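Here's the structure, in structure tokens; my notes come after.
Just so we're on the same page: letters track the sequence lines, and every chain starts at 1. Quantities reported herein were computed from a predicted structural model and do not represent experimental measurements.
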Amino acid sequence: MTSANDKNIPTARQLLDMYERMLLIRRVEKQLSEDFKAGQLPGAVHLYVGQEAVAVGMCEQLDDSDWITGTHRGHGHYLAKGGDPKPMLAEIYGRANGICRGMGGSMHVADFSKGIVGANGIVGGGLAITAGAALAAKLDGKNQVAVCFFGDGAANQGVFMETLNVSTLWKLPMIFMCEHNTYSEFSPTDTVTAGELPDRARAFGIPSTVVDGNDVTEVWKAAGAAVDRARSGKGPSFIEARTYRIHGHIEAEVHFLTGTYREEEEIEHWRQRDPIDRLRAQLLSSGVADEAALAEIDSGIQETVAAAEQYAQTGEPADEKLVFDLMSVGQI
Amino acid sequence: MTSANDKNIPTARQLLDMYERMLLIRRVEKQLSEDFKAGQLPGAVHLYVGQEAVAVGMCEQLDDSDWITGTHRGHGHYLAKGGDPKPMLAEIYGRANGICRGMGGSMHVADFSKGIVGANGIVGGGLAITAGAALAAKLDGKNQVAVCFFGDGAANQGVFMETLNVSTLWKLPMIFMCEHNTYSEFSPTDTVTAGELPDRARAFGIPSTVVDGNDVTEVWKAAGAAVDRARSGKGPSFIEARTYRIHGHIEAEVHFLTGTYREEEEIEHWRQRDPIDRLRAQLLSSGVADEAALAEIDSGIQETVAAAEQYAQTGEPADEKLVFDLMSVGQI
Amino acid sequence: MAKKRYMQVINETLIEEMERDPKVILYGEDVEISMFGDTIGILDRFGRDRIWNSPICEATLTGMAVGAAAAGYRVILHMMFSNFLYTGFDAIANQMAKLRLMTGGQVKLPITVLAGYGAGSCNAAQHSDTPYPVLMNLGGLRVAVPATPADAKGLLKEAIRGDMPTFFLEAVGRGGEMGEVPDEDYTTPFGIASVLQEGKDVTIVTMGTMVKPAVAAGKMLSEQGIEAEVVDCRTLVPLDEDGIVRSVEKTGHVVVVDEARDRCSAASQIAAVIADKGFHALRAPVKRVTVPDVSMPYAPNAEQVVIPNAERITSTVQALLGK
Amino acid sequence: MAKKRYMQVINETLIEEMERDPKVILYGEDVEISMFGDTIGILDRFGRDRIWNSPICEATLTGMAVGAAAAGYRVILHMMFSNFLYTGFDAIANQMAKLRLMTGGQVKLPITVLAGYGAGSCNAAQHSDTPYPVLMNLGGLRVAVPATPADAKGLLKEAIRGDMPTFFLEAVGRGGEMGEVPDEDYTTPFGIASVLQEGKDVTIVTMGTMVKPAVAAGKMLSEQGIEAEVVDCRTLVPLDEDGIVRSVEKTGHVVVVDEARDRCSAASQIAAVIADKGFHALRAPVKRVTVPDVSMPYAPNAEQVVIPNAERITSTVQALLGK
Ligand SMILES: Cc1ncc(C[n+]2csc(CCOP(=O)(O)OP(=O)(O)O)c2C)c(N)n1
Ligand SMILES: Cc1ncc(C[n+]2csc(CCOP(=O)(O)OP(=O)(O)O)c2C)c(N)n1
Ligand SMILES: [Mg+2]
Ligand SMILES: [Mg+2]
């Protein structure tokens with residue numbers, strides 16, 4: 001846990017750590033994008049490319065014993081919280097050595113040993129689960145927190161308001177981390193969302209901030225304040241991180257969409273604000289790292305990704321019997 | 001429809017009309033309370049005693065072509081909107097001449113010919129239905145509005161937030177009429193509700209007011225503003241009417257509750273603010289009516305109630321075949 | 001052994017289990033004061049670290065149960081009337097039933113969901129549903145429908161101590177009925193039907209609220225010289241398929257009685273199982289006495305036409321046996 | 001007559017019905033751009049007074065359909081994947097299915113709910129459910145499961161023009177398949193099964209996504225000299241009980257094939273009906289080929305083990321006939 005002093009500016013170690021994590025997510029997902037195009041993935045993938053600073057800035061403030069829930073776009077949350085890329089890739093490949101033994105796939109990557117309750121295919125599905133985990137955390141009395149990552153689209157699900165209410169009433173150590181990436185599936189956010197999301201949380205008296213979700217330090221600061229508040233028993237916080245998904249909603253969309261729903265210029269605008277590029281520039285200009293150091297990080301990551309890819313592709317097919325074992329209701 | 005001039009103060013006719021309607025609701029329900037105690041009602045009843053000014057103040061601003069939805073505590077909404085007491089009582093008696101032919105009972109009294117979409121046994125169940133009716137009203141282009149009556153407890157259902165959002169986005173002619181009666185079933189409102197309810201609506205940019213729900217003129221004024229806004233295509237409004245239910249949550253509660261959940265003094269405090277007594281005093285002091293005129297109204301109501309009771313008690317049992325006719329899916 | 005009321009036994013059992021295991025927590029709407037009497041006194045005994053009155057937000061209540069259970073607690077969630085399960089259905093169907101498989105077995109979900117069910121009190125369509133067919137179809141959820149105080153105790157203990165999401169559906173309309181309940185601590189295993197009356201002529205398979213009319217029908221039939229075997233499933237998931245088939249093998253005739261609407265009911269499932277595994281023993285069609293595919297009407301006469309009763313069961317048996 | 005794709009036909013039919021009746025409106029999440037292709041081009045044609053992209057709020061979407069229909073519109077609601085029906089389940093179960101009865105028949109609810117269903121594309125547990133068993137149990141809802149482009153057209157027209165809430169469940173995984181579709185305007189009545197292959201040895205009853213493997217099994221069997229009659233229910237509510245029983249009376253043997261989980265499935269319901277009304281014609285147990293009571297796994301091999309296919313159907317028939 002970070003002490004009060006650390007809160008305003010991340011240390012060099014933390015910055016590098018975050019850089020590495022963000023780049024890992026990026027490279028893993030670029031690989032997945034290739035794999036998808038090559039027809040190697042059995043299922044669909046929703047990529048997090050462009051949003052990495054949100055998960056990483058948040059999770060840098062968390063320990064393994066803290067809980068997180070993710071979304072359908074959940075690889076970044078998993079990796080940011082310290083999930084191992086190898087079994088994640090194997091999972092997406094549907095293999096027995098996957099983190100969920102091939103039973104869940106991309107939309108359900110989870111690692112309870114790291115506090116990763118998991119991605120979720122139901123939009124808004126993580127909110128109430130997180131509130132439940134936060135209740136458990138509160139009862140445990142060990143200062144854990146529970147963080148829900150959810151999209152701007154999910155913020156229109158009623159369960160968002162319900163959990164704002166119950167987490168406030170019960171002073172749950174819960175953090176609402178809303179990733180406002182400008183789209184709710186294929187709908188521009190403002191066409192499906194009235195008002196400003198932080199105002200919804202403020203109506204419950206919940207401290208709420210909007211941060212530049214492509215600036216990992218900004219996210220990290222807001223996350224730190226929210227985590228402190230939760231750990232000290234003061235209840236929930238809401239953070240809206242403004243960001244953008246560079247890839248499509250789902251990699252397969254090019255195959256099934258007949259129209260377009262956004263302009264190339266818009267994507268380019270956001271590419272210019274790439275969170276990894278920005279952190280990289282900051283690391284270099286502040287002297288925290290030089291090109292060589294960053295190149296070394298990158299080559300390490302590339303090895304990690306290659307090893308993970310290898311691990312996934314050489315994994316055994318999922319064990320079919322497991323389906324029956326895990327779903328057994330003890331039928332006599 | 002009321003013109004701009006009428007908005008600040010109801011006419012003598014309107015005041016008397018509202019007085020009559022409130023007293024009708026009161027006397028019908030006092031009768032139902034007796035009937036319940038006497039074991040004459042097949043099902044349960046949730047009484048509106050003490051809240052009459054809310055439904056009546058609102059509905060005085062509406063026409064038959066406007067839509068309303070009510071709650072489990074729905075007799076007042078039905079009667080305020082011009083529903084006939086006879087078939088309502090017959091319905092609660094489960095008779096063939098009931099407004100729903102005995103199929104719905106107390107929690108489902110409805111009269112579509114009067115725009116009464118109906119009471120609802122699902123807390124919060126009316127919100128989305130009203131939004132749908134409001135969409136229809138908007139498409140019809142005839143300046144109708146759709147009003148949802150719902151409790152403070154219902155405001156914790158996620159569908160409240162969802163309908164705030166969609167009604168704002170689609171500029172629906174919808175009015176959120178929240179009856180804050182200090183309890184959500186047996187829980188004091190502040191134990192289950194964080195923050196102030198109007199702030200939830202304000203987060204969507206919806207004009208929101210709190211009124212004294214035991215002052216029918218106050219309710220009428222706020223309702224008038226909301227109705228004007230809706231009819232002129234500007235979208236939804238939210239009104240919180242602060243009020244109190246004098247009777248229990250449900251008449252049967254004395255039989256099944258072991259503990260108490262409120263103090264006699266609290267009930268007495270609110271009895272002193274009885275909306276009918278207040279309007280009565282106002283009518284007398286302002287000279288709109290004298291004791292004789294009010295007594296005449298009352299005796300008319302007493303006759304109406306007696307006739308309705310007679311109508312209900314002499315009704316035929318419900319037609320059992322109807323269940324099958326109405327639920328037929330055209331099975332061959 | 002002592003004679004106790006059904007709801008009283010549920011109340012005592014909840015308290016015993018909360019005493020036994022500090023990880024057991026309970027929440028729901030107005031559970032502190034208790035609508036049905038099953039959660040009375042728990043607040044006084046355990047305080048607000050173990051029991052909470054929740055706001056009205058069923059979608060969140062079911063989801064929170066998943067999160068709290070995944071994070072190590074044994075959750076008891078009271079949903080009041082079964083129709084409100086529909087309001088909280090998303091997390092039941094999409095999370096509770098599926099999370100264990102989706103995570104490759106990383107998580108156990110010790111959740112007990114309580115809800116009252118059934119008609120007969122003129123509560124009308126939105127407060128009278130029999131919800132187990134939809135729960136049975138989801139997979140991954142256990143369903144108990146105790147008909148007697150003794151089974152209520154044993155099945156509830158088994159539900160709470162078990163590691164799977166379990167729906168414990170209360171026959172609320174029968175909450176005041178008495179029955180002998182053993183004093184000692186015991187659990188009743190799921191998936192074992194109980195034979196309430198032995199007989200050789202016909203098997204009446206039933207569950208929950210319908211056990212009482214089925215037993216009454218059994219008595220009426222025996223007065224007419226027809227020996228019915230009355231089988232109470234006790235749990236629907238798992239279902240004692242072998243026990244049911246065994247009885248049918250003895251009698252060759254079967255009537256399944258269920259308060260659910262007919263289409264895709266527990267009765268239909270049981271009939272299908274018999275038509276498969278018990279086919280060779282069958283000497284007559286498998287009959288179902290169920291609620292027709294309608295919503296529950298309010299009026300008492302209409303309601304009674306819809307709910308199965310001893311007379312309908314008896315006449316169905318008589319027709320089946322040609323007597 | 002022209003050969004058309006399943007999804008294309010649905011798209012054309014929606015447009016035709018919206019042309020035909022100005023009271024038909026359509027909304028849902030991203031219906032303007034269209035995930036499945038069924039609502040493509042509707043915005044351009046009809047504009048934002050007839051079609052709307054909604055926010056993600058299924059609980060409200062289903063409730064709004066009830067309100068808008070009660071107030072006089074013919075509502076088409078697109079719920080995308082069937083699992084999201086669970087998210088919007090409250091208003092389906094508590095309002096849509098019940099309002100007509102509760103109001104004593106004051107209201108008609110012309111609502112057509114579209115949703116894609118079924119597994120086979122590695123979409124995992126939360127995007128692969130077959131939801132009709134829970135819908136069938138609710139009462140008051142019609143359920144169509146067209147398997148062919150021609151039936152998709154006729155049943156969708158019947159659904160939209162009808163006055164009851166109707167679930168029109170799309171076999172999305174088969175959206176690209178072609179079939180002959182008559183050019184003229186026609187409706188296909190609900191509750192009439194279609195016999196896709198005649199046969200005298202065994203009846204295979206099925207629906208929706210399972211029609212294709214059932215037909216394939218029928219072909220494989222005929223190569224082995226077994227004449228199977230393949231019956232496509234086309235609608236599950238109402239169900240063509242007489243048609244099914246008629247076929248069983250001819251063959252004496254029956255296998256019911258269903259992509260739903262077994263417990264309380266459509267297959268179980270159909271088996272129960274046969275065990276009752278068709279009992280005397282039965283010469284062997286009624287067999288069900290269904291999805292076991294599990295959530296859909298992600299891995300393709302695991303998924304394929306769970307979903308019924310032509311081989312499983314064929315071998316079940318062979319075992320049943322002792323061949
Ligand atoms: C309950 C539910 N409804 C609809 C969907 C289909 N869906 C998947 S992602 C998505 C958009 C989510 O938008 P947002 O929350 O902003 O997340 P983003 O995709 O932008 O990361 C939708 C509608 C779903 N998965 N679950
Ligand atoms: C979905 C649902 N959950 C729970 C209930 C049980 N219930 C009936 S009334 C009520 C309290 C409603 O409180 P509020 O909305 O404030 O209305 P009031 O009773 O005060 O008029 C509850 C919890 C219900 N009918 N429906
Ligand atoms: Mg988004
Ligand atoms: Mg209230």
Side-chain angles (χ1 to χ4, degrees), chain A residues 122-131 134 148 150-172 174 176 178 180 184 187-210 234-238 240, chain B residues 122-131 134 148 150-172 174 176 178 180 184 187-210 234-238 240:
Chain A
I122 297 299
V123 169
L127 285 155
I129 294 175
T130 313
C148 182
F150 62 107
D152 50 286
N156 292 324
Q157 290 280 32
V159 74
F160 173 44
M161 187 201 81
E162 294 180 358
T163 49
L164 289 171
N165 188 42
V166 79
S167 64
T168 304
L169 290 165
W170 296 359
K171 284 209 176 187
L172 300 181
M174 172 160 176
F176 294 86
C178 181
H180 188 316
S184 173
S187 297
T189 306
D190 61 0
T191 65
V192 288
T193 306
E196 297 299 320
L197 297 178
D199 289 337
R200 299 188 189 177
R202 279 185 201 115
F204 296 82
I206 296 177
S208 303
T209 37
V210 180
K234 297 204 186 96
S237 300
F238 173 89
E240 175 181 306
Chain B
I122 297 299
V123 169
L127 285 155
I129 294 176
T130 313
C148 182
F150 62 107
D152 50 287
N156 292 324
Q157 290 280 32
V159 73
F160 174 44
M161 187 201 80
E162 293 181 357
T163 49
L164 289 171
N165 188 45
V166 79
S167 64
T168 304
L169 289 166
W170 295 358
K171 284 209 176 187
L172 300 181
M174 171 161 177
F176 294 87
C178 181
H180 187 315
S184 173
S187 297
T189 306
D190 60 1
T191 65
V192 287
T193 307
E196 297 299 322
L197 297 178
D199 289 338
R200 299 189 189 177
R202 281 186 199 113
F204 295 81
I206 296 177
S208 302
T209 36
V210 180
K234 297 206 186 92
S237 301
F238 173 91
E240 174 181 306

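- At a 4.5 Å heavy-atom cutoff, A:T163 makes no contact with chain B through either its backbone or its side chain.
- Nearest heavy atom pair, residue A:M161 against residue B:A155, reads CE-O, 3.2 Å.
- For the options B:T193, B:D190, B:L197, heavy-atom pairs under 4.5 Å to chain A are most numerous at B:T193.
- Contact tally against chain A (heavy-atom pairs below 4.5 Å) for B:W170, B:F160, B:F204: the top residue is B:F204.
- For the options A:A201, A:G195, A:P198, A:A203, heavy-atom pairs under 4.5 Å to chain B are most numerous at A:A203.
- Without hydrogens or angle criteria, A:N165 side chain to B:V192 main chain gives a donor-acceptor distance under 3.5 Å.
- Listed for the B:E162 side chain is a donor-acceptor partner under 3.5 Å among the backbone atoms of A:G158.
- In terms of heavy atoms, A:A194 sits closest to B:L169 at N-CD2, 3.8 Å.
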